[in-house]
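Values reported hereafter were calculated over all heavy atoms of this structure, with side chains retained and with hydrogens, waters and symmetry mates removed. A, B, ... follow the sequence lines: proteins, then strands. Residue 1 opens every chain.
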Amino acid sequence: MDDLKAIIESLLFAAEIPLKIDKIKTILELEDRDVIRDALTSLAEEYESGKRGFFLNEVAGGFQLRTRPEYGQWIRRLKETRPARLSRAAMETLSIVAYKQPILRSDVEYLRGVDCGGTLRTLLERRLVRIMGRKDLPGRPMIYGTTREFLELFDLKDLTELPSLKDLKDLGEAWPNDST
Amino acid sequence: MDDLKAIIESLLFAAEIPLKIDKIKTILELEDRDVIRDALTSLAEEYESGKRGFFLNEVAGGFQLRTRPEYGQWIRRLKETRPARLSRAAMETLSIVAYKQPILRSDVEYLRGVDCGGTLRTLLERRLVRIMGRKDLPGRPMIYGTTREFLELFDLKDLTELPSLKDLKDLGEAWPNDST
Amino acid sequence: MEQTQDQTPYQVNLGELFDGPMDLLVHLVKKNEVDIYDIPIALITQQYVEYLEWMKSVNIDVAGEFLVMAATLAHIKSRMLLPTPEEEGEDEDPRMEIIRPLAEYLQLKYAADDLLDRDRLDWDVFRRADLDAAEAWSDEEPGLIQVGLFELIDAFQDIIKRVSPKYLWDLTPDKISVKSRMSQISELIEEKGSVAFTELFETEATRGDIIVTFLAVLEMAKLQLIRVMQHVESGIIRIFNG
């Protein structure tokens, strides 16, 4: 593969949105759009004849590498098993339960200032939070706490290993020279 | 390209984090790890001999497609967001945590001779360093270690791949970089 | 990653020029081209102090740790001047007090450089753009969760910042221990249905642990998370789910 083609391939690979020919032209400081178009055509043919895992798709006025549709089933499996992240809302709710347990939903909601039914349900389903019991109040509201899975997720021996707010405060502010 | 190789290529292409052989095995419901390893080796050789825009990198316990280092200059032009930088202080702290982990903040500070709370916080925020637990000492100080993201950032398969510490007596005139 | 070189004159402090006293020492050893294992301590001490003096004269804030190092250097220098009593002739070179940490610091500084020389992600090499990043944050995603302890405490701190300080009760170690014990007891009862009061103490080692367990049981009873029952005949106290 000649250098220009390889460089264009690397740009296609790293690009977040479909790459326009003009953009490639600017990045590589080329005069000629045709050279780029030829390289793209040649890449597309190569992917096709080589029957690779991905192909070159002309889309939304640009070019983008995409996995072959016939492999969609495998990719979906990959995405299903991908370690998910917790949303910010779930993270906040979880942290309140972790630090303030045993705690009532109404207290979680007081602290977060929003309804937490949905995030608590998510956390219950993921077995990070459990119902420890019911409080002797009108309506017998449920009391929430964390689970063994919670400890495992964060690799904690027990709740005493949770870092405290003081630990975090002791670290001070992030170093100003590091642009985050 | 045979189907298995192409499918593995498409998985590598779509994966967000380095893909472990076991993960590929599960997704494709294969019995045999060797078939996968052979396909990966063959892909790696193809990328190399074909001098493509990307290569197969063994990193952080898995495999990941990455653009060739010699094309970094072009990709940086494509990516308009500047990569977050680490200051010299943060790099020093990070290398101490990497080599001496599990390590306490006080030990990092002993080695650097300065307060490291801010740099540790920066590194925690960037997910390059993590809290591993607490030490059974007065005040129950937190124990720090590095993350998968650290391995990914510096192209390391695992911690044993960290460059070995140099014997200063062999160094002669070479000095580490500093601002002077 | 590249170093930040710009230092605005009115904001300078020594910590920005040197990342601490060790860094300044490395600079001096390097400038004088001396062997780190045979540091001319008088010369280096003199230059180190001169440096601090100069800093002060141009109104640069000299942090405490730089002064501590100056004192250490002065101390080593004075010990070098003292005649060694013959019976202690095999005493270690006083300079080792500074040479050992300096050598280790240097090694790790080199290591940091070695790391930066590698093919760095998002600088030398790039992975494919994470096109589904937004989707990855959804609540609906099943499966495992990838999250760190720092994120957890960080989230909690954000909440604490938002709510009134009167809600900020102190999480002292004892209080946390009780909470932790409560969680364990609760798991235990969930598993077994009920547990004998004495069972809770059998594995306890220290007096502190016993108190923590006792407080946990009291608190749980107060919150009606458990029911404490005593057998009329045997006198055995058992704890049940509330």
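Between A/Phe13 and B/Phe13, the ring planes lie perpendicular to each other; the angle is over 60°, past the 30° to 60° tilted range.
With a 4.5 Å cut-off on side-chain heavy atoms, B/Ile131 and A/Asp167 do not count as touching. The shortest side-chain heavy-atom distance between B/Lys51 and A/Asp3 falls under the 4.5 Å cut-off. Using a 4.5 Å heavy-atom threshold, the side chains of A/Arg77 and B/Leu28 count as separate.
Interatomic distance, B/Met132 CE to A/Glu161 CD, rounded to the nearest 0.5 Å: 11.0 Å. Atom CD of B/Glu46 and atom CZ of A/Arg52 lie 5.0 Å apart (nearest 0.5 Å). For the atom pair A/Leu78 CG and B/Ile27 CD1, the distance stands at 4.5 Å (nearest 0.5 Å).
Between A/Asp170 and B/Arg105 the shortest heavy-atom distance is O-NH1, 2.8 Å. Between A/Lys79 and B/Ala14, the shortest heavy-atom distance links the atoms NZ-O, 3.1 Å. Residues B/Gly53 and A/Ser10 come closest through the heavy atom pair O-CB, 3.3 Å.
Using a distance-only test at 3.5 Å, with no hydrogens or angles considered, a donor-acceptor pair links the side chain of B/Arg134 to the main chain of A/Thr160.
The contact between A/Leu11 and chain B is made by backbone and side chain atoms together, counting heavy-atom distances below 4.5 Å. In this structure, chain A has heavy atoms under 4.5 Å from both the backbone and the side chain of B/Leu65.
No more than 12 heavy atoms of other residues, nucleotides or ligands shown are found within 6.0 angstrom of CG on B/Asp136. Applying the 6.0 Å contact sphere to CZ of A/Arg127 captures no more than 12 heavy atoms from other residues, nucleotides or ligands.
Residues of residues 66-74 of chain A placed with any heavy atom under 4.5 Å of a heavy atom in chain B are listed by number as A/Arg66, A/Thr67, A/Tyr71, A/Trp74.
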